[in-house]
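Remarks on the structure that follows.
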Amino acid sequence: MTAASGVMAENMEQTEACWQDMPLPDEYPEPHVVNGKAEEECTNHQSVKCSPNVLQMLKAAESRRSSQGRDGDGWPVPEESGTGALVTEALKTDMVSMEAAACRDFDGIEVCSESSEDESTPREKPRRTSKGLADFCIKNIKQAEFGRREIIIAQREMPALMILRKRAGGEKPLAGAKVVGCTHITAQTAVLIETLSALGAQCRWASCNIFSTQNAVAAALAEGGTPVFAWRGESEDDFWWCIDRCVGAEAWQPNMILDDGGDLTHWIHKKHPSLFKNIKGIVEESVTGIYRLYQMSKAGRLCVPAINVNDSVTKQKFDNLYCCKESILDGLKRTTDVMFGGKQVVVCGYGEVGKGCCAALKALGAVVYVTEVDPICALQACMDGFKVNKLSEVARQVDVVVTCTGNKSVVGREHLDRLKDGCILCNMGHSCTEIDLVSLRTAELRWERVRPQVDHVIWPDGKKIVLLAEGRLLNLSCSTVPSFVLSITATTQILALIELYSAPEGRYKQDVYLLPKKMGKSSSSISLINEYVASLHLPTFDAHLSEVTDEQAKYLGISKHGPFKPNDYRY
């Protein structure tokens with residue numbers, strides 16, 4: 001043993017001896033009083049009292065250091081001695097207590113991740129905000145303070161919505177509007193909802209995805225007075241119950257719909273068709289919801305006009321592309337901890353979502369294949385350096401499968417049977433229909449929950465595939481998305497609502513419309529919708545636009561103030 005080692009050993013023995021001799025008080029000490037004031041108050045809260053729970057844990061630790069549970073050198077007695085099992089059980093008990101304590105703040109409010117919460121439904125539990133409101137159904141109203149902090153953080157990255165509140169808040173363009181919404185309930189959506197309220201609208205909200213609700217944010221919205229019906233981990237029955245409670249209020253009937261996926265529109269059409277008498281229009285932002293609206297329009301079942309936000313420039317080119325480009329990696333890494341350098345990945349679909357996913361995966365060194373049915377998108381993929389092939393031809397060799405087509409049964413059982421052991425399967429489209437999940441829920445296949453939103457599906461021969469979020473939207477189910485990009489989409493949604501709500505009768509028929517270049521009844525400052533939305537976000541980058549001269553405007557045949565591209569221009 002070296003001299004340094006000897007000194008270290010001696011110091012450790014002294015420290016252990018001091019620790020063992022240190023007495024612990026039998027009662028929780030009261031603060032020392034100085035001149036009539038508690039010591040904590042005098043020291044401006046520089047010290048924090050030891051809680052009774054921590055005190056009990058320290059006492060338990062002290063008892064385990066006694067000679068009864070240790071050998072002559074102070075080490076734990078082996079299991080064979082008979083007392084080791086008791087020590088081990090005590091350790092487990094203390095660990096559970098420590099984990100529970102770590103999940104609470106000083107007021108006893110749960111602050112852990114959402115996965116730590118109980119999975120019971122809150123439908124039948126009593127609920128009330130601090131102001132006495134009970135028209136909501138969420139997981140835990142005590143989380144409202146933490147949700148409010150999340151919303152404040154999101155506001156900093158959503159400049160356009162904050163500007164809208166200042167510019168249009170005075171004239172209240174949505175005064176009298178009663179907006180019923182069904183979207184992901186996240187901090188970003190909360191900023192959208194509260195902006196609608198600032199512009200004069202009344203709102204009621206449900207979630208469009210059973211896994212994407214941020215419970216603390218839902219609590220903050222409810223505490224702020226917005227009726228919210230959503231929680232993370234809803235069952236299918238809970239999902240439809242929440243939507244029905246959202247739209248089925250006796251004393252409140254909506255006159256505008258903001259939908260994401262078409263579930264809310266479908267439910268009203270199926271269960272509450274009489275509500276369409278008062279509804280002025282629908283704003284839909286997802287490709288799945290747009291498909292449904294076009295089908296309803298074609299069949300003559302669309303009762304009110306609808307605006308297709310999904311195909312607007314500000315949605316396609318920013319939310320679909322840039323949002324997915326950043327968030328797919330976040331979702332994959334949080335759930336699987338996998339390294340993508342050298343991995344073989346197949347991305348099904350090369351629309352804007354597929355383009356973003358492919359770019360992100362390629363940047364990490366993955367070998368990316370693309371499947372496509374559209375020759376134009378396929379050619380784009382080829383010229384971007386990706387190999388276009390059929391899923392059936394690459395299924396046996398790929399490590400990851402990502403779907404983003406908006407279609408159904410893109411990955412069928414014949415493909416699933418070919419996937420190799422350990423293959424990761426996930427979906428970046430809005431709906432869970434892209435993967436044939438029904439074929440996976442059969443008697444011969446066994447499901448094993450690994451961690452929240454991660455399941456092993458096990459074949460009879462032992463092969464496992466890793467299914468993320470049960471085939472639902474990966475990024476919002478398993479991670480978060482960039483607030484700044486969602487600011488662009490949310491601003492577009494708000495302007496679409498204003499356009500439909502303020503449009504004179506007869507301007508829009510019972511059909512689906514693309515977002516117009518110009519708004520009808522509005523101030524000139526927001527007459528050009530897409531350009532206006534983009535311009536609100538440019539100051540963040542300290543960007544300075546060039547100006548068109550009179551001669552240049554005449555040469556191009558455009559207005560100096562825009563729009564600068566024709567309606568059929570593809571950005």
Side-chain angles (χ1 to χ4, degrees), residues 109 111 113-114 122 127 129-131 133 135-166 168-169 174 177-232 234 242-243 246 256-261 264 283 285 309 319 323 327 473 475-477 479-495 497:
I109 298 175
V111 297
S113 64
E114 316 233 23
R127 49 192 176 269
T129 68
S130 62
K131 299 177 181 178
L133 300 176
D135 187 20
F136 66 94
C137 189
I138 60 167
K139 199 70 165 180
N140 186 359
I141 192 63
K142 292 182 179 180
Q143 294 183 328
E145 181 183 348
F146 299 99
R148 179 54 53 188
R149 295 172 191 171
E150 294 283 351
I151 295 171
I152 291 172
I153 291 173
Q155 287 176 346
R156 293 180 177 274
E157 279 285 293
M158 304 184 78
L161 297 188
M162 308 313 291
I163 293 173
L164 274 186
R165 294 185 189 185
K166 292 180 180 179
L174 288 174
K178 295 183 178 180
V179 183
V180 59
C182 183
T183 66
H184 303 283
I185 296 183
T186 63
Q188 297 78 23
T189 307
V191 180
L192 161 65
I193 295 170
E194 293 183 344
T195 300
L196 290 174
S197 298
L199 299 183
Q202 297 178 29
C203 300
R204 293 176 70 86
W205 230 261
S207 176
C208 68
N209 186 298
I210 64 174
F211 292 136
S212 64
T213 297
Q214 295 173 356
N215 286 337
V217 171
L221 284 170
E223 182 64 33
T226 301
V228 176
F229 302 86
W231 57 91
R232 190 178 186 88
E234 298 170 356
C242 287
I243 290 180
C246 192
M256 296 295 298
I257 295 174
L258 179 56
D259 211 351
D260 184 359
L264 174 61
V283 173
E285 73 150 313
V309 167
D319 192 334
C323 177
S327 60
L473 186 58
N475 53 1
L476 279 156
S477 297
S479 61
T480 56
V481 292
S483 299
F484 186 82
V485 172
L486 292 191
S487 175
I488 301 172
T489 299
T491 306
T492 307
Q493 289 173 305
I494 291 175
L495 295 181
L497 283 170

Minimal non-hydrogen separation, Cys203 against Ser197, with atom names | SG-OG, 4.2 Å
Going from CG on Leu196 to CZ on Arg165, what distance comes out if it is rounded to the nearest 0.5 angstrom?
-> 9.5 Å
Just how far is it from atom SG of Cys323 to atom CG of Asn475, taken to the nearest 0.5 Å?
-> 5.5 Å
side-chain contact (heavy atoms from CB on, under 4.5 Å) with Leu486: of Leu192, Val191, Val481, only one passes, and it is Val481
Where do Ile494 and Leu164 come nearest, in terms of heavy atoms and distance?
-> CG2-CD1, 4.0 Å
Side-chain donor/acceptor of Thr129 to backbone N/O of Lys131, under 3.5 Å = yes
Drop me the distance from Cys208's SG to Leu264's CG, to the nearest 0.5 angstrom.
-> 10.0 Å
Is any side-chain heavy atom of Trp205 closer than 4.5 Å to a side-chain heavy atom of Leu258?
-> yes
Within the distance-only criterion (no hydrogens, no angle test), does the side chain of Arg232 pair as donor or acceptor with the backbone N or O of Ser477 below 3.5 angstrom?
-> yes
Sidechain-backbone polar pair: Ser207 side chain, Asn209 backbone, donor-acceptor under 3.5 Å = yes
Looking only at heavy atoms, which two atoms of Asn215 and Trp231 are closest? And how far apart?
-> OD1-CA, 3.3 Å
Taking every heavy atom of Ala230 against every heavy atom of Ala218, the minimum-distance pair comes out as O-CB, 4.3 Å
Between CG on residue Asp260 and CD on residue Glu285, distance to nearest 0.5 Å | 4.0 Å
List the atom of Leu221, the atom of Glu194, and the distance in Å for their closest heavy-atom pair.
-> CD2-OE2, 3.9 Å
Could you tell me which residues satisfy ring-ring contact (aromatic ring centres under 6.0 Å, His included) with Phe484, sequence neighbours excluded, listed by chain and number?
-> His537, Phe541
Donor-acceptor under 3.5 Å (Ser487 side chain, Ser483 main chain) = no
For Cys182 and Ile243, work out which heavy atoms get closest and say how close.
-> SG-CD1, 4.0 Å
Where the side chain of Thr189 meets the backbone of His184, is there a donor-acceptor pair that is under 3.5 Å apart?
-> yes
Does the Asp135 side chain pair with the main chain of Pro227, one donor and one acceptor, at a distance under 3.5 Å?
-> no
In a table with atom names and distances, give each donor-acceptor pair under 3.5 Å that connects a side chain of residues 150-163 to protein atoms at least two apart or in another chain.
none

Do Asp319 and Ile488 come close enough that some side-chain heavy atom pair is under 4.5 Å?
-> no
Would you give the length of the straight line joining atom CZ of Phe229 to atom OG1 of Thr213, rounded to the nearest 0.5 angstrom?
-> 13.0 Å
What distance separates Cys242 SG from Ile138 CD1, expressed to the nearest 0.5 Å?
-> 11.0 Å
